[in-house]
Amino acid sequence: MTREDFYSIFIYILMAVIILVTGFTVIRPAMEEGYLAVSAGSNFAFLLLALIISVLINVILLEIGHLIGAKLGGYNVILFNILGLCFYKKEENGKLVTKFKFKSFDGFTGETLIEPKKDKSNPMFYVFVPLILMLLEFVALYCVMTFIPSSTSTDQILLYVKYGVVVLAAIAGCFIVYNYFPARMDTLTDGYRLVLLNKKVNVEAYNLKLEVEANKFFNRPAKELEPFTVITDFTARTNMEIILNKLEQDKYDEASNIIDLTLKEDKKISRATKTEFLLTKAYLMFMNEELEEASKFYIDTFDNEMKSKIRSCKDYAEIRTYILYEGLVEKTKSEIDFAIDRKKKLDKKVSDGEAIKEGILINKALEKVYSTNPELKCEEKKEA
């Protein structure tokens, strides 16, 4: 079990404890005292409705906090997604227009993509404003719980409001525990951002990374950037964007140097970031070095669990590397076709610009495979 997995499990257990303690120490005694309905069915309906409303309120607070924080920090919001309801910017005739679609999100409750307006944009507002809103929520909830007495003579609707607020506070606590735990978990949280953004180099890298991602989002020309030599998880992520631009231009030696520079400090980056660097190194070796050497690197670097994950083709790095391995080493046409299908599905979940950019590298991989083994080529799936 990796450190990220351990932290994730620990936080999920802690969230479950918060809910169970609230249920057994507050909600259950209220039911036993007759403050809530006697009917078990009514109480179940109350709890279910209270949970749904509590989650929705805290999701909205969290993402609205990100939106307000981005504006205060000097950023443009280019995508705002709450539970799949996605508002995003698109360039049409030289102007940015707002569009809407249903879209999956990369986060716990939603996703907010931002672009710095200037070099001095401050990401701390983006991190802290959701926390401030949730602390204000706690103050408001405490006032409600204090001023509504627990008594059988109290109006039933007010009692439902009082204990609904208790559920709301418990869920808010879960959100804060998850989102502000100061370590990398299964998603990039504000707590992890807060730890890294204490260093000036990370603020610079974070803003540069956001700028590069915005250029990719809108399919703008990539800027020529110098890689970071001070390695942290944020500077490594920015270096990865530079590497992908180098690979797009077939500058394999330059890309390889940046990969090696970053991997020398692999203890300073997260497991997810290190994995993407290793996948990208494998991609580069299959594209530019002897097949035997590239194949040995792939087999020796990735254990069976990781190979199984690569085979699932859930992100672009896995897809392009898997195409090369299956096409050049295993020579399995069905697996190449599977990877192409996964790429098409993934394209529908990302911005048009990102799909185009990632498609360039995947098509380069397909060209390499088909030029080496023409028998694997399938006309209707020639283009990814």
Checklist entry - Quick one: salt bridge (Lys or Arg N to Asp or Glu O under 4.0 Å) pairs with a partner in residues 199-209, sequence neighbours left out? => result K209-E213
Pair [X] + [Y]: basic N to acidic O under 4.0 Å:
X	Y	value
K99	E92	yes
D347	K344	no
E32	R28	yes
D341	K345	no
K246	D253	no
E318	R311	no
E326	K331	no
K343	E358	no
E293	K296	no
K103	E111	yes

Show the nearest heavy-atom pair for residues [X] and [Y], with the distance to one decimal.
X	Y	value
K364	M287	O-CE, 3.6 Å
G84	N81	N-OD1, 2.8 Å
I157	D155	N-OD2, 2.9 Å
L263	K281	CD1-CD, 4.2 Å
G327	V369	CA-CG1, 3.6 Å
V127	P130	O-CD, 3.6 Å

Using the rule that two of Ile, Leu, Val, Met, Phe, Trp, Tyr join whenever any of their side-chain heavy atoms come within less than 4.5 Å, decide whether [X] and [Y] are in one cluster.
X	Y	answer
I52	F44	yes
I231	V212	no
L20	L51	no
V59	L113	no

Checklist entry - Does V139 sit in a hydrophobic cluster with other residues, and if so which ones, taking ILVMFWY side chains as linked at heavy-atom separations under 4.5 Å, directly or through other members? => result none
Item to check | L261: hydrophobic cluster co-members (side-chain, 4.5 Å) | outcome: none
Next on the checklist: Between V203 and N122, is the side-chain contact (heavy atoms from CB on, under 4.5 Å) condition met? List the steps.
Outcome noted: CA-CA 8 Å; V203 174; N122 187 350; 5.9 Å; no
Over 12 foreign heavy atoms within 6.0 Å of [atom1], [X]:
X	atom1	answer
F100	CZ	yes
K274	NZ	no
E375	CD	yes

Any side-chain donor paired with an acceptor under 3.5 Å for [X] and [Y]?
X	Y	answer
D190	Y192	no
S270	T273	yes
T189	N179	no
Y322	S312	no

Mind checking what makes salt bridge (charged side-chain N to carboxylate O under 4.0 Å, His left out) contact with [X], not counting sequence neighbours?
X	value
E354	none
E33	none
K223	E211

Expected output: side-chain [X] to main-chain [Y] donor-acceptor under 3.5 Å:
X	Y	value
S121	Y75	no
T280	E276	yes
T262	A236	no
T112	H66	no
K162	I148	yes
N373	L376	no
S295	L291	no
Q249	N245	yes
T275	R271	yes
N202	L196	yes

So, taking the atom named [atom1] in [X] and the one named [atom2] in [Y], what distance separates them when rounded to the nearest 0.5 Å?
X	Y	atom1	atom2	result
K357	N215	NZ	CG	8.0 Å
F102	C86	CZ	SG	10.5 Å
L61	L133	CG	CG	6.0 Å
I323	L361	CD1	CG	11.0 Å
I360	N363	CD1	CG	8.5 Å
N219	S351	CG	OG	8.5 Å

Checklist entry - Between Y298 and F302, is the ring centre distance below 6.0 Å? => result yes
Next on the checklist: Looking only at the aromatic ring of each residue, does the gap between the centers of F128 and Y126 stay below 6.0 angstrom?
Outcome noted: no
Next on the checklist: Go through it in stages, so that I can follow the logic: the residues are Y206 and F234, the test is ring pair (Phe, Tyr, Trp, His ring centres under 6.0 Å), and I'd like the CA-CA distance, side-chain angles, deciding distance and then a yes or no.
Outcome noted: CA-CA 6 Å; Y206 185 64; F234 275 1; 5.1 Å; yes
Checklist entry - Relative to each other, are the rings of F181 and F10 parallel, tilted or perpendicular (30° and 60° limits)? => result tilted
Checklist entry - Given Y178 and Y180, is the ring pair (Phe, Tyr, Trp, His ring centres under 6.0 Å) satisfied, shown in steps? => result CA-CA 6 Å; Y178 181 90; Y180 286 94; over 10 Å; no
Checklist entry - Under the side-chain contact (heavy atoms from CB on, under 4.5 Å) criterion, do K368 and F286 qualify, and how do the steps go? => result CA-CA 9 Å; K368 174 80 172 183; F286 278 121; over 6 Å; no
Checklist entry - Yes or no on side-chain contact (heavy atoms from CB on, under 4.5 Å) for V177 and I11, after CA distance, side-chain angles and deciding distance? => result CA-CA 7 Å; V177 166; I11 289 302; 3.9 Å; yes
Checklist entry - Which is it for F218 and L96 under the side-chain contact (heavy atoms from CB on, under 4.5 Å) test, yes or no, and what are the steps along the way? => result CA-CA 10 Å; F218 292 115; L96 288 178; 3.6 Å; yes
